[in-house]
Protein chains: 2
Amino acid sequence: MGSIERVKQNAARLVKMHEAGDQVVAVVSAMGSSTDDLLGIAAQVNDNPPKRELDMLVSTGEQVSMSILAMAIEALGVKAVSFTGGQAGIVTDTVHSKAKIREVKASRIRRALSQGAIAIVAGFQGVTRDGEITTLGRGGSDTTAVAVAAGLGADVCEIYTDVDGVYTADPRACPHARKLDSLSYEEMLELSAAGSGVLQMRSVEFARNYKVVIHCRSAFSDEPGTLIKEVDDEMESAIISGIAYDSSEAKVTIRGVPDTVGVAARLFTALAGVNANIDMIIQNVSEDGFTDISFTSPKSDLTRVQEVCAKIVGEVGAREFFTDEGIAKVSIVGTGMKSNPGVAARMFGALADADINISLISTSSIRTSVVVKVDQAQQAVRCLHTAFGLDSNSTFEETQLSGEELAKKAAKGR
Amino acid sequence: MGSIERVKQNAARLVKMHEAGDQVVAVVSAMGSSTDDLLGIAAQVNDNPPKRELDMLVSTGEQVSMSILAMAIEALGVKAVSFTGGQAGIVTDTVHSKAKIREVKASRIRRALSQGAIAIVAGFQGVTRDGEITTLGRGGSDTTAVAVAAGLGADVCEIYTDVDGVYTADPRACPHARKLDSLSYEEMLELSAAGSGVLQMRSVEFARNYKVVIHCRSAFSDEPGTLIKEVDDEMESAIISGIAYDSSEAKVTIRGVPDTVGVAARLFTALAGVNANIDMIIQNVSEDGFTDISFTSPKSDLTRVQEVCAKIVGEVGAREFFTDEGIAKVSIVGTGMKSNPGVAARMFGALADADINISLISTSSIRTSVVVKVDQAQQAVRCLHTAFGLDSNSTFEETQLSGEELAKKAAKGR
């Protein structure tokens, strides 16, 4: 929630839903910069404040916004009752600042709804079984919303964002990108993991586990957005749902690694030891007893990664290592990939046609990712968007290729 | 609690107590203007916000200050655990914004103390048996402190204020005023009721009911302040403990009231009906079947009072009513008054000697109050302060008068 004006708009929107006959529960985040303001105060008294007290402090942000929203709704003549995470029955584990929701005891919310009130729930926070206040960490408010929807068996969990839905690609990179009407949890998860920042993965995972339908839509308009739900037959007709790219990672290559047992384990254990996130890992086939290992890692972790690599190169007798920050990962995601074997081939072919070189490849059952030069990433997104028939002025059928054509393209692409 | 600097000073003070071997529980109020800031936000969305949601909102003020204080203590290397009113076991009734404490279940505070931590408790707030957040209204933080002290059986409840203790009179009005080492609950209550603003009556009443010793002291120095506790023999030696004055009230007089049954009841029932606070009430003896009724009432209630009086004058056939805002109430308070019958006489004598006219008189067992012209109020305080031997350069014994002298003065005073 942003300013007072935003609060009033949200109140009006909720009252409209209520008057349309729906039982409405709203999960709120803190207003504007209030969480950062509170953390700023904490930093003035303690460089490394205890996490329990930080949770005590920042959880007030949602408590302010929920009570203000309740007042704004009451000002419109509709009953509203706000609940802290604890009051709403959001029971978490005891890990302060990164708590996981264990249970939602929604009886108080149910009672408020049955009395004709709009229920407002503080997002991002919960309470342990011992009554300690916890916060859920990144994406916490979305996760609260999904958890409450699951606890209540709600028809839909609407998540309001600053975009109006999930697109086939980032419209800033790809002018022909289309808003998707719906996609599966798995596709949304892969898109999120591949760099699409629309929804936090955590809330989507929660939704998948509890079969909660998410409606991802704009906070600024009443247009329908994108439904994220269990895959059905209709959805399976599209091979590729979306294309994502991510330029926040760097590529690290270690050359001339002796191809003996345990070398890779040693490297990635050491990287885990410094809390470096590792994404794609590729090890080429061995040649003369030596191999190359490449992986990608967030640029923000790169200093730690380089220290570890320098040490490991010396220890295992590898030739050298180097890093490349000028890369981007481009991914195609779609449930239909499972039953359509030529998809990767078509991807590589389209990129080859556009003279875009691929330096790393990794796949999952519904995603194929490639690493390309960062200055070719947006071009790659656009050409893949066209190749897979996602452009708004064409349909998939028009660009459907035969298996033979696919094979040809694939051969050319490699 | 004021600024960040104040928080750090408070942390250092608490750590010092803790290191001296005491188990320490701190009850905090909101920082600086934060409560007013929150009320300001509420006013922007609702002219008349529901009290439940207001309590939700303003209770965050203490939650912020308690967690910040805990962090500041931890920064000094001492364990600290903060508790919301609910977590601290402050159980209240269900009257939002003016809740009364019903019970203090101090087990969580005890556990924190037994683990060597300083416990920090949010003042001003509690929780109903149903888990609703309530606030205690004016003076709430002091009341929380006394209630927690009672619940824990603490040796003393220290209340930090912007003055360094309770004085025999307001030092701004009376330069010879002395800080009192101790006084009884009843004296403190009468002084508070008579206009001395040092402590909220409510917290003193609570302390009296549960025999909690209050140490009223300065937030800005380590000097001892004033103890408020059960009266003992030593304390009874002083006839008058302090002198208070209050210029916030107006005097209302209704003249020529038919002296028939039920007229006064009708007047004060009507005044109660408009929620007007009435303080001193004086009805003179009847003359020719008519009497005069005077009373005092806060100037802030005067408009409502005048409306009621105008109506009642017509209804009961009284002659007229008039109001005087240029008055002040001056009160002497002391437990010793009970066993010293000449006290009121000496008071009236001293005022007569100073040419100060008395327009109303009212008494309780340990207080005598008079109404004088407001521009003579401070002079009245000074001359009474001297007359009762309270000046810092004299002692009570030096000014002790014989019964005969007292009688003489009293005769002169009337």
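The sequence lines fix the lettering, A, B, ..., with proteins before strands; numbering per chain opens at 1.
Side-chain contact between Asp130(A) and Arg108(B): absent, with no pair of heavy atoms (C-beta onward) separated by less than 4.5 Å. Arg52(A) places none of its side-chain heavy atoms less than 4.5 Å from the side chain of Ser67(B). Side-chain atoms of Ile133(A) and Thr84(B), non-hydrogen and from C-beta on, do get closer than 4.5 Å to each other. Contact check for Pro50(B) versus Lys79(A): no side-chain heavy atoms found under the 4.5 Å cut-off.
At a 4.5 Å heavy-atom cutoff, Val58(A) makes no contact with chain B through either its backbone or its side chain. With a 4.5 angstrom heavy-atom cutoff, Leu54(A) touches chain B via backbone and side-chain atoms both. Both the backbone and the side chain of Gln44(A) come within contact range of chain B, each with at least one heavy atom under 4.5 Å from a heavy atom of that chain.
When the candidates Ala75(B), Ala72(B), Ser82(B) are compared by the number of heavy-atom contacts under 4.5 Å with chain A, Ser82(B) comes out ahead. Taking Glu132(B), Glu74(B), Met56(B) one by one and counting their heavy-atom pairs under 4.5 Å with chain A, the maximum is reached by Met56(B). Top candidate by heavy-atom pairs under 4.5 Å with chain A, chosen from Ser59(B), Gly131(B), Ala11(B), is Gly131(B).
When every heavy atom of Glu53(A) is checked against every heavy atom of Ala80(B), the shortest pair comes out as OE2-O, 3.7 Å. Between Ile68(A) and Val45(B), the shortest heavy-atom distance links the atoms O-CG2, 3.7 Å.
The only option from Met71(B), Met66(B), Gln63(B) that meets the side chain to side chain contact (heavy atoms under 4.5 Å, CB included) definition with Leu57(A) turns out to be Met71(B).
For Asp155(A), the CG atom counts as loosely surrounded, since its 6.0 Å shell holds 12 or fewer non-hydrogen atoms of other residues, nucleotides or ligands. Crowding of Tyr210(B) atom OH: a count of heavy atoms from other residues, nucleotides or ligands under 6.0 Å not exceeding 12.
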